Structure formats: C-alpha cells, structure tokens
Amino acid sequence: MKKYLILCTLAMLFVLFGCEEEHAFRLHTAPEYYQGRATLPSGQQIEMTESDRTNVLDACYPEDAIPDIPDGERQLIGTVTLTQPLTTTTSTDVFPTATFFEVDNQAYVQCQADTITYMKQIDTLPNSLIAYRDHAVPSSETSKLRNAQPHERIHFTEEMTKPVGNEPYPKRSAFEQTLVHVTMPFNGSFEFTFESPESRETITLPIDESSRQPFLSLGLGTEVTQDAKQYGLHMSPDQTLYEDVLRPKDANFDRLLGARQASSLPMKLVPNERYPLFSFSFIRDGKAHKQVVSITYREETLLRGDRLKTKMRQQFAHRRHVVTHELALLGTESKDASFLHHANAETVQFVFQAIDRSKAVATAGTPAPTPYLTVFEGICAQTFDVSYNGDDVFLTNTLTGSHFKLLRTDAERWHDLFNKQKG
C-alpha cells in the first residue's frame, strides 16, 4: 500500500518515511470509494468489482513504466474507467483510464491520467476481463484514411438533415464530397488545421480511450440558426447523426460557395506529417475566403521514471475533498446522500492543515454529533472518528485506532465550522 503514497502530496511522504513522531495522516488507496466500468471492443460494458478496481489501481501504479509500445499485433481486450462518485465533479478528470491489451500473449496496460499517458507490462488482467480475452480484437498501430463510398456519402447528407441539439433545431447540411473515414490507431491524437492566406488554426482531437471506436467518419457540414451560420468538421464513430463538431474560433459565414476534396489522399497517415483533406470557399462580410483543412496524426508521448512521478505529484497534490458524515461510508453512496456534508474549498484547506498540526494522544472524547470525517487526496483517502471533550476535538484513525488532538485554535475554528451544520 505504501507504493501509492507517491500519488499523495510530498508532505505526506515526508511524514510517513522521514519523521519519528506519529502523525495523523495515513492516506491510502481506497478502491471501495471507486466505481468502475469496462468497455469492451464490441461496445458492451461490464461493471468492475472492488477487487477489479484494486487490480486497476495496482496496474496503474507509476513504477516500471516502459518507454515504448511493444512491437507486434496488439489485441485490445477492454478499457476501464474509474470514478469516485463521492468526489467527482464536472471539473475533475477521472483517474485512471486503463486500456488493457496483449501482444504475443503478454498483458499490458496503458494508463491515462488527464494529459499523462504511460504504459506498463503486467502479470495479470482484472478478473472481470479475463473471460473476454478470447474476444479481443486487433488494434491498429497506424492511422489510415479511406475515401467514403457513394452510398456512404448519400447517407452522410441524410444524417445531417436530422435534428440534433435543442429546439429550435439548427438547419444542417453536408458537403458529401468531403466525407472520409479515419482508422483509429491505438493511441495518440489528431490535429486538424484550418488554414487560409490570412490565418491558421489547429484543433486537437485526442483519441478517447474510454470510448475507443475502430474508425471515425468526418466531413464538412454547416449549421444555420437565427443568430448565425457556422461551418465545421462533423464527426461520427458509427456514421449516424454526425453531431460532434470541431470548429475554428471564427467559423461564421454569410454564404458558402463550395467544397472539393484534395486531389489525392494517403492510405496511411505517417506520424507528424500533415495531409490536406479538402478545401472550401465562402463569403463573409462581402469578402471571399478560402480554407484548406488538413489532418496530422500525433503519436502518444509515453512518460516514465522520475518525469512521470513528478507529473503525477503535480497533478494530484491539490485534488482534495472533505466529507463529514453521520453514517459510515460504504463507498457506493450518491454524492447527494442526505447524511453527507461536503466542505467548501476554504474548509478543505483548513481541515488538512489542522490534521497535519494535530498531536498524538492516548485517549479520545465522546463521539461528535457528526461522528465521521473522510478526507480525499488524489486517489488516496482516510477516515477518522470525530469526538469531543468539552472544547477539545479529537480525531481517531479508524484503521489503526490512534488518537490525535487538534491544537486549541484549530479546535475553536472546527466548532465554528462544523457545529453550525447541526445548529
């Protein structure tokens, strides 16, 4: 369990390994607070057990990461996404997204944590995935382009007439001659460049491991509303709806004149090489404009060693959350459960500082009206029993039974903050 503390703050590391005095913090990985789901190549999704979630965290421990993707045909088994329902918000990224695959019957995992990507050789797969090894599918090492067939182009225009979004629905149309299919490689990203004599803008599209599809269809489309006319790259993983759109910052137009595909398209996208896809012309503010849209495939940069560990510390050092609760946590509660009280950012900072300043004592007090406190940092967590003796505040490590007393000034502020919840 000590190995995971690298994902907590450096302060916690110093506390655990560099000090003789007993300290309150004993943050540890807590798979019981995670939920996990695996997406198989077929699109089927399966729930992950707690032991599976532990296996994923073990697999993505950032030690012994390998520098390169192994040679040979990659057999994709499944991608697991873990979330912490008690702490996850729309502004926090899930961790980790773990893609399991095999090369020559040797298992590997690629772990993605926000902008950090690393890869490891592993001894075993999560138990829930072992049964699906025989259903693994080859995953392309490269990205390829394919021209759309005539019937696919017609289908593109038909799908673009269907309503998407909110009412009043924008009126959509497609330029069928621009439709292409891109084979999705194992990892990396695509860059789409919109270039004219006056400007150049590049939009990056990461390959989403949690919803990996074998290919992506894309073509030029327009959306017209009462307020604006906009062009963009309309995309679909299954040739339906084409509701995902990539646009440059200024994608407005008054009248679109036409579009044409590039004279030749490569079958294979060589990494870091830019290839024109199509060009189109339009009128804006009475002036004619021309844009050339190009595609570039960027291979993933794999991190390892000290650089990986440093990045992980930087990313997770300040991901903190504090919950007080009347009932013991089972890990599967909704974040909105009535017995949970989530601290605001200022209170979170105070709680971590107060715990760090607390002193070990031999006894505790009487259970507080809200008797539990759970703190989260990165993928780590720790629960305390809260008790009072007069104005004194005690925190007891629920795993070790060790007691800690807050400093008097911290105890005063604690009562001001948390007893108001019951007032």
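Note that the structure is a prediction, hence the values are computed from the model and not measured. We use all heavy atoms of the structure for the numbers below, so side chains are in, but hydrogens, waters and symmetry mates are not.
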Inset, instruction - State which residues pass side chain to side chain contact (heavy atoms under 4.5 Å, CB included) with Arg200; sequence neighbours excluded, sorted by chain then number. - result: Thr193, Glu195, Arg274
Run the side-chain donor-acceptor check on residues 226-234: report pairs under 3.5 Å with partners two or more places apart or on a different chain.
unit_1 : atom_1 : unit_2 : atom_2 : d
Lys229 : NZ     : Asp254 : O      : 3.0
Tyr231 : OH     : Asp250 : O      : 3.4
His234 : ND1    : Tyr242 : O      : 3.2

Legend entry - Evaluation steps, ring pair (Phe, Tyr, Trp, His ring centres under 6.0 Å), between Phe404 and Phe384: CA-CA 10 Å; Phe404 302 87; Phe384 297 92; 7.2 Å; no
Inset, instruction - Answer with yes or no whether the side chains of Ser196 and Ser199 bring together a donor and an acceptor at under 3.5 Å. - result: yes
Inset, instruction - Return each pair, listed once, that meets salt bridge (Lys or Arg N to Asp or Glu O under 4.0 Å) where at least one residue sits in residues 339-350; pairs must be two or more places apart or across chains. - result: Glu346-Arg413
Inset, instruction - If the plane angle is over 60° it's perpendicular, under 30° parallel, otherwise tilted; pick one for Phe282 and Phe253. - result: perpendicular
Inset, instruction - Say whether, by atom type as modelled, one donor and one acceptor occur between the side chain of Ser236 and the main chain of Asp238 under 3.5 angstrom. - result: yes
Legend entry - Residue pairs passing the salt bridge (Lys or Arg N to Asp or Glu O under 4.0 Å) test where at least one lies in residues 155-167, sequence neighbours excluded: Glu159-Lys162
Legend entry - Set of residues satisfying ring pair (Phe, Tyr, Trp, His ring centres under 6.0 Å) with respect to Tyr372, sequence neighbours excluded: His325
Inset, instruction - Check whether NZ of the Lys or CZ of the Arg Arg53 lies under 6.0 Å from the centre of the six-membered ring of Tyr34 and within 45 degrees of that ring's axis. - result: no
Legend entry - Close side-chain approach of Val351 to Phe418, heavy-atom, < 4.5 Å: yes
Inset, instruction - Return yes if some donor-acceptor pair links the side-chain N/O of Asp52 with the main-chain N/O of Thr49 below 3.5 Å, else return no. - result: yes
Inset, instruction - Please check if atom CG in Asp134 has more than 12 non-hydrogen atoms from other residues, nucleotides or ligands closer than 6.0 Å. - result: no
Legend entry - Those residues that, when tested against Thr398, pass side chain to side chain donor-acceptor pair (under 3.5 Å) (two or more places apart): none
Legend entry - Exam field: side chain Gln106 to backbone Ile122, donor-acceptor pair closer than 3.5 Å: yes
